[in-house]
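This report concerns only the one structure given below.
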There are 2 protein chains.
Amino acid sequence: MYMENKTYFSAIVEIIKTGHWITDMVSQELKEYDISEPQFNVLRILKGQKGKPITVEVIASLMIHRSSNVTRIIDKLLIRGLVSRQECQTNRRKMDINITAEGIEFLKLLDKKVTDFHKPMMSKISEKEAKDLTRIIKKLKE
Amino acid sequence: MYMENKTYFSAIVEIIKTGHWITDMVSQELKEYDISEPQFNVLRILKGQKGKPITVEVIASLMIHRSSNVTRIIDKLLIRGLVSRQECQTNRRKMDINITAEGIEFLKLLDKKVTDFHKPMMSKISEKEAKDLTRIIKKLKE
DNA sequence: GAACTATTCTTGTATATACAATAGTTGTAC
DNA sequence: GTACAACTATTGTATATACAAGAATAGTTC
């Protein structure tokens with residue numbers, strides 16, 4: 001009977017557990033600002049576009065965990081004035097989403113919080129280890 | 001102004017993304033058996049106890065993603081006769097949860113499915129790489 | 001250009017989840 | 001042993017999520 005190789009199995013479990021561990025911690029950090037991890041993720045994606053609006057579909061594809069509810073995530077950010085949403089000029093099926101000036105300001109606060117959490121974690125491994133980690137983990141999905 | 005080191009940031013993002021990617025795939029595999037990933041996880045934990053019942057608390061601590069709803073996960077497994085639940089003799093606050101013979105049989109089907117998904121993924125990296133991956137990723141949480 | 005198909009976002013709905021509150025049991029201090 | 005605190009599982013509830021269905025627009029074929 002085939003048995004899963006323990007070495008490989010441990011690796012898989014560690015990836016999943018650590019991913020949850022990090023996002024759980026980040027969620028805790030964000031809680032004081034009453035913003036969810038997916039909302040934070042969307043804000044970061046929008047900021048990364050440097051002023052160029054992107055569609056709901058593109059946001060979904062760039063999210064850490066592809067979500068089927070980008071519309072509703074945007075709804076919440078809209079209410080708080082952190083993003084803008086308007087019909088795409090060239091294709092009225094699409095929506096142009098962008099981060100507002102308020103969104104950028106707000107994100108600065110969040111980024112500080114999250115970075116402060118990332119820093120001590122990152123200090124545990126060397127830059128070479130980080131590179132190795134990324135390289136190996138990416139191979140899994142090839 | 002402090003900027004996050006890109007090498008480290010990529011590593012973090014890859015861990016989270018890959019974790020989601022794996023669990024999403026596994027969830028898809030399990031769907032045909034109408035069982036959720038957390039339910040599957042609980043069954044595996046129980047099987048790992050080799051007949052010794054464990055409490056709700058212990059299950060939660062062993063889960064890949066610690067859940068606050070173990071009771072309801074157990075409820076569902078109970079309905080299908082895959083686990084048993086009874087008051088702990090020595091401490092009536094606790095519950096003794098165990099996997100049933102049906103549960104073990106059912107789990108064999110699921111394990112085959114999931115292993116068939118794991119195998120090609122694992123073949124993408126060497127055993128040494130898997131070990132390195134586990135070692136580095138564990139350091140992050142130290 | 002009409003009919004059909006594909007794309008894109010939104011919405012409806014059922015389920016899952018987090019979090020807090022509760023209930024029952026056990027442990028502890030006096 | 002009583003009072004109080006701590007522990008353990010369950011339940012209530014509000015929110016988040018997945019998935020499918022819907023609505024509007026665009027593209028394609030004839």
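Here the structure is a predicted model, which is why all the values come from computation and not from measurement. Each chain gets a letter, A, B and so on, in the order its sequence line appears, and its residues count up from 1. Side chains are part of it too, since the values below use all heavy atoms of this structure and drop only hydrogens, waters and symmetry mates.
- Residue order along DNA chain D, read from the 5' end via each residue's closest nucleotide, puts A/Ser68 first among A/Ser68 and A/Glu87.
- Taking atom CG of B/Asp24 as the reference point, atom P of C/dA16 lies 16 Å away to the nearest angstrom.
- The nearest whole Å value for the distance from the CG atom in B/Asn69 to the C1' atom in D/dA14 is 13 Å.
- Salt-bridge check for A/Glu105 with A/Lys108: passed, with a basic side-chain N closer than 4.0 Å to an acidic carboxylate O.
- The CD1-P distance, from B/Ile73 to C/dT15, rounds to 16 Å in whole Å.
- Atoms CD1 (A/Ile74) and C1' (D/dA16) sit 16 Å apart, rounded to a whole Å.
- Side-chain to base pairing of A/Arg92 with D/dG27: no donor and acceptor N or O lie closer than 3.5 Å to each other.
- Which of C/dT17, D/dT10, D/dT17 sits closest to the side chain of B/Pro38 comes down to C/dT17.
- Within 4.0 Å (heavy atoms only), B/Arg66 reaches no atom of the nucleic acid at all.
- Electrostatic pairing of A/Glu129 and B/Arg135 counts as a salt bridge here, judged by a charged N lying under 4.0 Å from a carboxylate O.
- If you check D/dA18, C/dA18, C/dC9 against the side chain of A/Lys94, the one that comes closest is C/dC9.
- A/Asn91 comes within contact range of the sugar-phosphate backbone alone, with a heavy-atom separation under 4.0 Å but no base atom that close.
- Distances from the side chain of A/Arg72 to the nucleotides C/dA18, C/dT8, C/dT11 place C/dT11 closest.
- In terms of phosphate contacts, B/Lys76 brings a side-chain nitrogen or oxygen within less than 4.0 Å of OP1 or OP2 of C/dA16.
- Put simply, A/Arg85 has a side-chain N or O that comes within less than 4.0 Å of OP1 or OP2 on C/dT10.
- Among the protein residues, B/Ser36 comes within range of no part of the nucleic acid, since none of its heavy atoms lies under 4.0 Å from any strand.
- In this structure, A/Glu57 does not pair ionically with A/Arg93, as no charged nitrogen and carboxylate oxygen lie closer than 4.0 Å.
- Rounded to whole Å, the distance from CD on A/Glu37 to C1' on D/dA16 is 13 Å.
- Residue A/Val56 has its side chain nearest to C/dT10 when only C/dT17, C/dT8, C/dT10 are considered.
- Checking C/dC9, D/dA9, C/dC19 against the side-chain heavy atoms of A/Thr55 singles out C/dC9 as nearest.
- Nucleic acid contact for A/Gln28: sugar-phosphate only, since backbone atoms but no base atoms lie under 4.0 Å from a heavy atom of the residue.
- In this structure, A/Leu78 atom CG and C/dC9 atom P are separated by 14 Å, rounded to whole Å.
- Atom pair A/Met63:CE and C/dC9:C1' shows a separation of 15 Å (rounding to whole Å applied).
- Evaluation of atom-type donor-acceptor distances gives a pair under 3.5 Å for the side chain of B/Arg93 against the base of D/dC7.
- A donor-acceptor pair under 3.5 Å is absent between the side-chain atoms of A/Thr18 and the main chain of A/Ile15, judged by distance alone.
- Checked by atom type and distance alone, the side chain of A/Tyr33 never pairs as donor or acceptor with a backbone atom of A/Leu107 at under 3.5 Å.
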